[in-house]
Asker: 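Let me give you the structure first, and then I'll get to my questions.
Computed from a prediction, not measured in an experiment: that's the story for all the values here. Sequence lines set the chain letters: A, B, ... in the order given, protein chains first and strands last, and positions in each chain run from 1.
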Protein chains: 2
Amino acid sequence: MNDIDEIDRRLVVALQRDAGQSLEVLGETVGLSRNACWRRIRALEQANIITGRIVTVDAARLGFGLQVFMQVRTNAHAPDWLEKFSNATRAMPEIQGVYRMSGDLDYLIRARVADMAGYDALYQRLIRKVPLSDVSASFVMEEIKETAQLPL
Amino acid sequence: MNDIDEIDRRLVVALQRDAGQSLEVLGETVGLSRNACWRRIRALEQANIITGRIVTVDAARLGFGLQVFMQVRTNAHAPDWLEKFSNATRAMPEIQGVYRMSGDLDYLIRARVADMAGYDALYQRLIRKVPLSDVSASFVMEEIKETAQLPL
DNA sequence: ACTGAAACAAGGTTAAC
DNA sequence: GTTAACCTTGTTTCAGT
């Protein structure tokens, strides 16, 4: 498949740290001219290896001080349950991650809310949309580490 | 504290979706001139509300096809255990998230590895660094949703 | 096929209002 | 907050390896 060489790897590392730096300084760090960098980055984007460019924000200072993980179980084995669950969670903006886990019919949800009242509202909305046999919530007391960087 | 008005809010929303767009089009979407946008964005950065600018990547295509959540328990109540645990996990680049959870002495780790062998290596390295009484791993079979956007 | 150098266009930054 | 000048930086062109 689309394999990546050492220079591309270093570019991705640099851009995962800071996507705001100029092609000039990127070129210096990877040892290439500025438009060689530019073409490689464009190629990485077109190959969907680089998928986007976003800002990171301080969630707490924007009113989302509480992070919660919800472990979800269902007893509904209907074939369309997963689709309904997927659509429902995708449509709920507080939910940042939804994962189908190993261990049959076990789902994990990661969400950000303002506070406990916000969590309860989220919970109520979710169970009204999808039948869930069991939901248990664990709240994040302290974020010890949080990064999107991959160890390339 | 540093409160944010409607326009700042819309700017953050737009930049969380795509930080690559020009000040011109940002200005059109929020209804402001291009350097009014520029000054607001700079203010948001200096206030550490916008904390950075990064690229998103396809983890699987970069060789990190397996995402794992590790639930960690310890019986070591020594006062410096948490510090040792924090330092160890922060220094391990496969680990993307470490959270102290509600329910005493319960930690959650989110990590990305290539495969099961990669997970085992991570696990071995972790328990060699920090005494852990119990570690249970759950593997992500399917990523149903994954975003960093906040519902502003 | 991929590079670097220079010309060019676009967008970020500053100054003035 | 705006508009307009400025100048860094992204983008295209082109020729060399």
Asker: Provide, to the nearest angstrom, the distance between the CD1 atom belonging to I4(A) and the P atom belonging to dC2(C).
Answerer: 13 Å

Asker: Considering all heavy atoms of both residues, which atom of F64(A) and which atom of R112(A) are nearest to each other, and what is their separation?
Answerer: CD2-O, 3.5 Å

Asker: Please output the side-chain donor-acceptor pairs of residues 12-29 of chain B that fall under 3.5 Å, not counting sequence neighbours, one pair per line with the distance.
Answerer:
from	atom 1	to	atom 2	distance (Å)
D18(B)	OD1	G20(B)	N	2.7
Q21(B)	NE2	A14(B)	O	3.1
Q21(B)	NE2	D18(B)	O	2.8
S22(B)	OG	E24(B)	N	3.4
S22(B)	OG	V25(B)	N	3.4
T29(B)	OG1	V25(B)	O	3.4
T29(B)	OG1	L26(B)	O	2.8

Asker: For the helix from dA1(C)-dT17(D) to dC17(C)-dG1(D), how many degrees between its two end axes (five pairs per end), to the nearest 10°?
Answerer: 20°

Asker: Report all side-chain donor-acceptor pairs from residues 120-135 of chain A shorter than 3.5 Å, counting only partners two or more places apart or in another chain.
Answerer:
from	atom 1	to	atom 2	distance (Å)
R125(A)	NH2	E94(A)	OE2	2.4
S133(A)	OG	R73(A)	O	3.2

Asker: Under a 4.5 Å cut-off applied to non-hydrogen side-chain atoms, are W38(B) and R34(B) in contact?
Answerer: no

Asker: Name all residues meeting the salt bridge (Lys or Arg N to Asp or Glu O under 4.0 Å) criterion together with R53(B); count only those two or more places apart in sequence or in a different chain, and write none if there are none.
Answerer: E45(B)

Asker: Judged by atom type as modelled, is there a donor-acceptor pair below 3.5 Å linking the side chain of K145(B) to the main-chain atoms of V98(A)?
Answerer: no

Asker: What's the CG-P distance between L26(B) and dT13(C), to the nearest Å?
Answerer: 13 Å

Asker: Quickly work out the E45(B) CD to dG12(C) C1' distance and round it to whole Å.
Answerer: 12 Å

Asker: Generate the contact string for nucleotides 1-11 of chain D. Rules: B means base contact, S means sugar-phosphate contact only, - means no protein heavy atom under 4.0 Å.
Answerer: BBBBB---BBB

Asker: I'd like to know if the side chain of R90(A) and the backbone of I144(B) have a donor-acceptor N/O pair within less than 3.5 Å.
Answerer: yes

Asker: Of all residues at least two apart in sequence or in a different chain, which pass the salt bridge (Lys or Arg N to Asp or Glu O under 4.0 Å) check with E83(B)?
Answerer: none

